[in-house]
Amino acid sequence: MVRVRFAPSPTGMLHIGGLRTAIFDWLFARHEGGSFILRIEDTDRTRLVPGALEDIMAGLRWAGLQWDEGPEVGGNHGPYLQSERLEFYQKYAQQLVDEGKAYYCYCTPERLEEMRSAQQAAGKPTGYDRRCRFLSAEERARLEGEGAAKVIRFAMPDSGTTTFIDAVRGELSFENALQDDFVILKSDGFPTYHFASVVDDHLMEITHVFRGEEWISSGPKHVQIYAALGWEPPVWVHLPLILGTDRSKLSKRHGAVSLRTYIEEGYLPEAVVNYLALLGWSAGEDRDIYSIDELIEKFTLDGVIDHPAIYDSQKLLWMNGQYIRMTSIDRLAELILPYLQKAGLVPETLSKEQMDYIKKVTTLVQDRLKVLSEAPEMSEFFFVEEPVFDPKAVDKWLKKPGTPELLMAVANRVDALDDWNMEAIEAAVREAGAEAGAEGGKVIHPVRVATTGRTVGPGLFETIETLGKQRVVSRLRKAAEMYNG
RNA sequence: GGCCCCGUCGUCUAGUGGUCAAGGAUGCAUGGUUCUCAGCCAUGAGAUCGAGGGUUCGAAUCCCUUCGGGGCUACCA
């Protein structure tokens, strides 16, 4: 039974990199018919960010990555917040101390800092000098008597090599002599990441650990903890890093990396999941668009890429446009609605007629949208009493001699229409134009500016049809009067 | 500095000794459709497969060296 976990630290909002890891976790679990577990690694009390946990859970749910075990849903391997699991870490840390595989360290932060500076100054590798590993019983008793703050350090073997298998890169091996006696339990009684994640992955029966490539170098630490505790290690799957355009690890300074931003801008969850699934994984095919079900079906470990990928928001934008075009009008209208409401273009509560109108507008903007948040700007003239005129459009198309007469002619022709449909409207506009000596674009462009205030937008005749006779005729006449002389 | 990972079009990638004078996508350019924009369609530019040596009849694919990029090097994850 495959069991995977996504183990974010609530030290910030859910970001692109974290989501990508969660997607791989989830896809693999679903592909294998296993379980997807959410575990919160809140062991650094100093870096906790209020609201981060909620943001992470909301983001995962938005993306459709529902967890089978974890906060708010429970499970048989809880608790799922590490801050509520201290007894486990303390118990196993104590066991290691008792067995001589770990030891108390009383070194002060100041001493550690001095030691590091000296090592750096001497051009030597930095690392703990293991002073407390060989403390005499008397020294230890003295320090205890003084009530000195202490941590527990893991006693790494000082010779030999530690080897483990990474599912993506194969066998990786490291010299033990170069490893540090790292801290497993901090002086505040909380575990460090290295210890907590190993203990929990074991206790939660995790079979595959997906994590960023930045963890490869701490692999030996984890392997040695498993060995010291006599536990079977999981399969490690180190995911290639996601890089910014400067080729360094993607982070806040690269701009928009929090999922929140993308949700607010109006990206669709399936587009984000699809794009991120392809950042570091490939099905080996000549295609880019995959439904969630297809991703689940095709997701296997051998498709995981072993080199970093630069995050390309332009391709995500393209993909989002693709998904917007694939979305049904009903759903797209629902998705756009909040944006229109926020812009004050439509009321909070809507009649059936108003909703139908929004759907008609939706059909006209669907091909033009790349993100949902563009909808208000793009469709504003459909919802306001008077369009906002673009001065350049006015200068170009309305301030010409004869234009007022042309617009009046079109208004009259359209006003006289009995059947309100695109074909009839097109015929009316073109005929009115032809009679005034304005063929094709010569009539279409001024009419578009008069009715929408701008030069670009959906097809004129469908726009007029959607706008409705009354509004169109009124706008045409007003424009004609405004620029008459 | 030390240790480790990685290196195919700007970007994401396909490619596992011959069908690769390297395919797809994105982005870019041009053309077509059309009332504009977008979309859609077509075409094009764009990678001597980081470089140099080998092995082989034959290498992007195997070996060596080298250069480059990145990660880690905390009582952070």
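A gap of 13 Å separates the C1' atoms of A60(B) and G18(B), to the nearest Å. Nucleotides C41(B) and A22(B) have their C1' atoms positioned 26 Å apart, rounded to a whole Å. For C5(B) and G23(B), the P atoms lie 32 Å apart once the distance is rounded to whole Å. For the C1' atoms, the distance linking A59(B) with G53(B) amounts to 14 Å, nearest Å. Taking atom C1' in both U8(B) and G15(B), the straight-line distance is 9 Å, to the nearest Å. Taking atom P in both G27(B) and A42(B), one finds a spacing of 15 Å when rounded to whole Å. Atom name P, nucleotides A38(B) and G31(B): the rounded distance is 13 Å, in whole Å. When the C1' atom is compared between A74(B) and C28(B), the two are found 45 Å apart, to the nearest whole Å.
Side-chain contact between Phe6(A) and Arg39(A) is absent, with no heavy atoms from C-beta onward closer than 4.5 Å.
One interatomic measurement links the two molecules: CD1 of Ile310(A) to P of G71(B), which rounds to 12 Å at whole-angstrom precision. Between the CD atom of Gln366(A) and the P atom of C40(B) there is a distance of 12 Å, given to the nearest Å. In this structure, CG of Leu460(A) is placed 9 Å from C1' of U36(B), rounded to the nearest angstrom. When the C1' atom of U36(B) is taken as reference, atom CG of Asp390(A) falls 13 Å away, rounded to whole Å. Rounded to whole Å, the distance from CD1 on Ile23(A) to C1' on C12(B) is 15 Å. The CZ atom of Arg430(A) sits 11 Å away from the P atom of U34(B) (whole-angstrom rounding). If you take CG of Asn274(A) and P of U26(B), they are 13 Å apart, rounded to a whole angstrom. In this structure, the CD1 atom of Ile184(A) is 16 Å from the C1' atom of A74(B), given to the nearest Å.
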Set out, line by line, the N/O atom pairs under 3.5 Å between protein and nucleotides 27-32 of chain B.
none

Return the polar atom pairs (N/O with N/O) between nucleotides 14-23 of chain B and the protein under 3.5 Å, or none.
residue: G23(B); atom: N2; partner: Asp286(A); partner atom: OD1; Å: 3.3

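If you check every strand for non-hydrogen atoms under 4.0 Å, Thr43(A) touches sugar and phosphate atoms only. Residue Phe461(A) is in base contact, counting any heavy-atom pair closer than 4.0 Å across all strands shown. Using a 4.0 Å heavy-atom criterion, one finds that Pro240(A) contacts no nucleic acid atom at all. Nucleic acid contact for Lys249(A): sugar-phosphate only, since backbone atoms but no base atoms lie under 4.0 Å from a heavy atom of the residue. Note on Gly441(A): nothing from the nucleic acid sits closer than 4.0 angstrom, heavy atoms only. Nucleic acid contact class of Gly457(A) (heavy atoms, under 4.0 Å, all strands): base. When heavy atoms are screened at a 4.0 angstrom cut-off, Gly321(A) is found touching no nucleic acid atom at all.
Within the 4.0 Å cut-off from OP1 or OP2 of A77(B), not a single side-chain nitrogen or oxygen of Arg211(A) is found. Proximity of Arg247(A) to the phosphate of U11(B): a side-chain N or O atom is located under 4.0 Å from OP1 or OP2. Side-chain N/O atoms of Gln322(A) include one lying less than 4.0 angstrom from OP1 or OP2 on C40(B). Within the structure, a side-chain polar atom (N or O) of Lys186(A) is placed less than 4.0 Å from OP1 or OP2 of A77(B).
Relative orientation of the His445(A) and Trp397(A) rings is tilted, given thresholds of 30° and 60° on the angle between their planes.
Here Lys442(A) pairs with nothing under the salt bridge (Lys or Arg N to Asp or Glu O under 4.0 Å) rule; sequence neighbours left out. Annotation: side-chain contact (heavy atoms from CB on, under 4.5 Å) contacts of Val456(A) (sequence neighbours excluded): none. Under the salt bridge (Lys or Arg N to Asp or Glu O under 4.0 Å) criterion, Glu87(A) pairs with no residue, sequence neighbours left out. Looking at residues two or more places apart in sequence or on another chain, you find a salt bridge (Lys or Arg N to Asp or Glu O under 4.0 Å) between Glu431(A) and Arg413(A). Considering only residues two or more places apart in sequence or on other chains, Tyr92(A) meets the ring pair (Phe, Tyr, Trp, His ring centres under 6.0 Å) condition with Trp231(A). Taking Phe174(A) as the reference, Phe164(A) meet the ring pair (Phe, Tyr, Trp, His ring centres under 6.0 Å) condition, with sequence neighbours excluded.
A side-chain N or O of Thr162(A) and one of Gln224(A) form a donor-acceptor pair less than 3.5 Å apart. Using modelled atom types, one finds a donor on one side chain and an acceptor on the other under 3.5 Å when comparing Tyr290(A) with Glu285(A). Donor-acceptor pairing under 3.5 Å is recorded for the side chains of Tyr106(A) and Glu144(A). At a cut-off of 3.5 Å, with distance as the only test, a side-chain donor of His254(A) or Asp246(A) sits close to an acceptor on the other residue. No side-chain N or O of Tyr275(A) forms a donor-acceptor pair with one of Asp288(A) less than 3.5 Å apart. Between the side chains of Glu465(A) and Asn421(A), not a single donor N or O lies within less than 3.5 Å of an accepting N or O. If you check the side chains of Arg211(A) and Ser197(A), you find no donor sitting under 3.5 Å from an acceptor.
In this structure, the separation between CG on Leu53(A) and CD1 on Ile40(A) is 5.0 Å, given to the nearest 0.5 Å.
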With a 3.5 Å cut-off and sequence neighbours excluded, list the donor-acceptor pairs that the side chains of residues 303-314 of chain A form with protein atoms.
residue: Tyr311(A); atom: OH; partner: Tyr262(A); partner atom: OH; Å: 2.7
residue: Asp312(A); atom: OD1; partner: Gln314(A); partner atom: N; Å: 3.1

Hey, can you pull the donor-acceptor pairs under 3.5 Å for the side chains in residues 152-161 of chain A, sequence neighbours left out?
residue: Arg153(A); atom: NH1; partner: Asp181(A); partner atom: O; Å: 2.7

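Remark: C20(B) base-pairs with no nucleotide; criterion is Watson-Crick or G-U wobble with both hydrogen-bond distances under 3.5 Å. If you check G44(B) for Watson-Crick or wobble pairing at under 3.5 angstrom, you find it paired to C28(B). The partner of G7(B), taking Watson-Crick or G-U wobble pairs whose two distances both stay under 3.5 Å, is C67(B). Across all strands shown, C37(B) forms no Watson-Crick or G-U wobble pair with both key distances under 3.5 Å. Taking a pair to require two hydrogen-bonding distances under 3.5 Å in either a Watson-Crick or a G-U wobble arrangement, C76(B) remains unpaired.
A donor and an acceptor atom sit less than 3.5 Å apart, one in the side chain of Ser187(A) and one in the base of C75(B). Residue Arg448(A) places a side-chain atom within donor-acceptor reach of the base of C35(B), judged by atom type and a 3.5 Å distance cut-off alone.
Taking a 4.0 Å limit (strictly below) on heavy-atom distances, residues 148-157 of chain A reaches RNA chain B at Val151(A), Arg153(A). If you check residues 212-227 of chain A against RNA chain B, the residues with a heavy atom closer than 4.0 Å are Glu213(A), Glu214(A), Trp215(A), Ile216(A), Ser217(A), listed by number.
When the nucleotides A77(B), C35(B), G71(B) are ranked by their closest atom to the side chain of Leu241(A), G71(B) comes out on top.
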